[in-house]
Amino acid sequence: MLFTLRYLQAIFPSVSGLLEEELEIKQIMTDSRMKQEDALFIPIVGENFNGHDFIHDAIEQGAVAALWEKSVEIPENISSSFVFFIVDDTINALQQLAKFYKKEINPTIIGITGSNGKTTTKDLMAAVLKTTFNTCATVGNFNNHIGLPLTILQMKRDTEMLILEMGMNHFHEIDLLTKIAEPNFAVITNIGESHIEHLGSREGIAKAKLEIKNGLQADGLLILDGDEALLKSFANDKQVITCGFGMENDTVISNVQLTHDQTTFQIGNNEYYSIPLLGNHQAKNASYVITIAKKLGISIDNIKLGLQALEHSHMRFELLKGKNGVSIINDAYNASATSMKAAIMVMKQMDGFNQKIVVLGDILELGEYAKTLHRSVAEVIDQPIDVLFTYGNHAKIISDEVKRTKSGIRSNHFDTKEALLKGLENYIQKDTLILFKASRGMAFEQFIHEIV
Ligand code: ATP
Ligand code: MG
């Protein structure tokens, strides 16, 4: 049970319908297409749909009460035992409800933001905290002003640790999320250049991520990327713990080594860890988790076990075997220039292949920075990479730049996905490693479906 109708009435006193105080709400429903018994329906008004229109479906699927915006007429022919709680704005009300519920359950809260690595850090954090505590975490990428409060409301009553991913495109969005979450630990994984078109500059991006401090508990801790020049200035703040490769960091990472499916690294003077993810940036994500886990009193053995237990989220640097024994890195989930360069650096370090091919597509949402940032990707494309294929108008900038500046790399741009696939055919063989990376909107998983 989440709560009773009496609990809801205390928060939302304006009621229509015959309120049975002890009636229990077991879950929250925002999507009326899914069966959910004993649910509170929260109709969301979006750009294309108005959830209020689906009240009959919601009741059919198991809703027993609903929040309802006062500007919308209550439909007739609904049983008087179905209760409407009248509110000004259902999204505000959802956030308010989440805050009440969170206060009551009172878990330790870890909020995670950053340009790249939020979901990975969240998944690593959940895997480690689960070894020792009842842990609830954001499912998938449910990290916005609706997903975050819904995650809070999914918490079971015995939850001890709540891990919340916080995403954003604009200023003030993290401010809102952190004030709902009021984290005990906040993490800024890195500062990249995603959403730079809304935020103006990397300084703007850093400022927007630092909004996470606005909701941090007075005795809370902010864990951040101490190698990032834009965050370094906070290193002396007594609420801040820095992690990174620089010796000046509070948590120092060193001795990173990559095998074909693991990264091993050292923390401080004498701790050694390994994770089933590849790359220096993943070791850094793990360092945030290790730092917090130690503060929470989790044993080093359990931290190690948890890191290995990570369930790898789909399409994030996933290593696959394809036709003719070709090896594929599926990193088609999303891309920024930083994460594209990181992925290429990692594949360059991977041993055991005779041929390495990079297939890149557009990084979207870069506005006026698109040219510069795409061109910057070319900097890391060199030996042992043999072939570069690109698809998409912006990605063409990468292959043009590689052609101009790098010898010894075959660089081809394709106008259609079909042509690219055809070009790729000759390379689909054992001992070849192919990386696929582009923004979500480029749907690069289509290539992968064709060759696995
Ligand atoms: P989204 O904004 O889509 O939710 P996210 O911040 O949750 O993204 P992930 O999904 O964890 O990020 O990872 C996305 C990409 O970023 C992956 O391709 C990964 O290789 C890369 N990445 C992960 N961590 C870092 C990091 N610390 N620095 C740079 N790149 C990273
Ligand atoms: Mg994410």
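Note: hydrogens, waters and symmetry copies are ignored here, and every other heavy atom, side chains too, is used. Read the numbers this way: they start at 1 and go in the same order the structure lists the ligands and their atoms. Only a predicted model underlies this, so the values are computations on that prediction, with no experimental measurement involved.
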Legend entry - Contacting atoms of ligand 1, where contact means under 4.0 angstrom from a heavy atom of N143: 4 (O)
Inset, instruction - Confirm or rule out an N/O/S atom of T120, from backbone or side chain, lying less than 2.8 Å from the Mg ion (ligand 2). - result: no
Legend entry - K207 atom NZ, over 12 foreign heavy atoms within 6.0 Å: no
Inset, instruction - Return the residue, atom name and 0.1 Å-rounded distance of the protein heavy atom closest to atom 28 (N) of ligand 1. - result: N190 ND2, 3.3 Å
Inset, instruction - Decide whether a cation-pi geometry holds between K437 and F444; the criteria are a distance under 6.0 Å from NZ or CZ to the six-membered ring centre and an angle within 45° of the ring axis. - result: no
Inset, instruction - Could you pull out the closest heavy-atom pair between T119 and E165, with the gap in Å? - result: OG1-OE1, 2.7 Å
Inset, instruction - May I ask you to decide if T251's main-chain N or O and N249's side chain share a donor-acceptor pair within less than 3.5 Å? - result: no
Legend entry - the Mg ion (ligand 2) to nearest N/O/S of T119 less than 2.8 Å: yes
Inset, instruction - Would you mind listing which atoms of ligand 1 come within a distance below 4.0 Å of any non-hydrogen atom of N141? - result: 3 (O), 4 (O)
Legend entry - Contacting atoms of ligand 1, where contact means under 4.0 angstrom from a heavy atom of T120: 9 (P), 11 (O), 13 (O)
Inset, instruction - Ignoring hydrogens, just give me the one of T119, T338, N334 whose non-hydrogen atom is nearest atom 7 (O) of ligand 1. - result: T119
Inset, instruction - Give the numbers and elements of all ligand 1 atoms closer than 4.0 Å to a heavy atom of Y333. - result: 3 (O)
Legend entry - Where ligand 1 meets E165 - atom numbers and elements under 4.0 angstrom, heavy-atom basis: 4 (O), 7 (O)
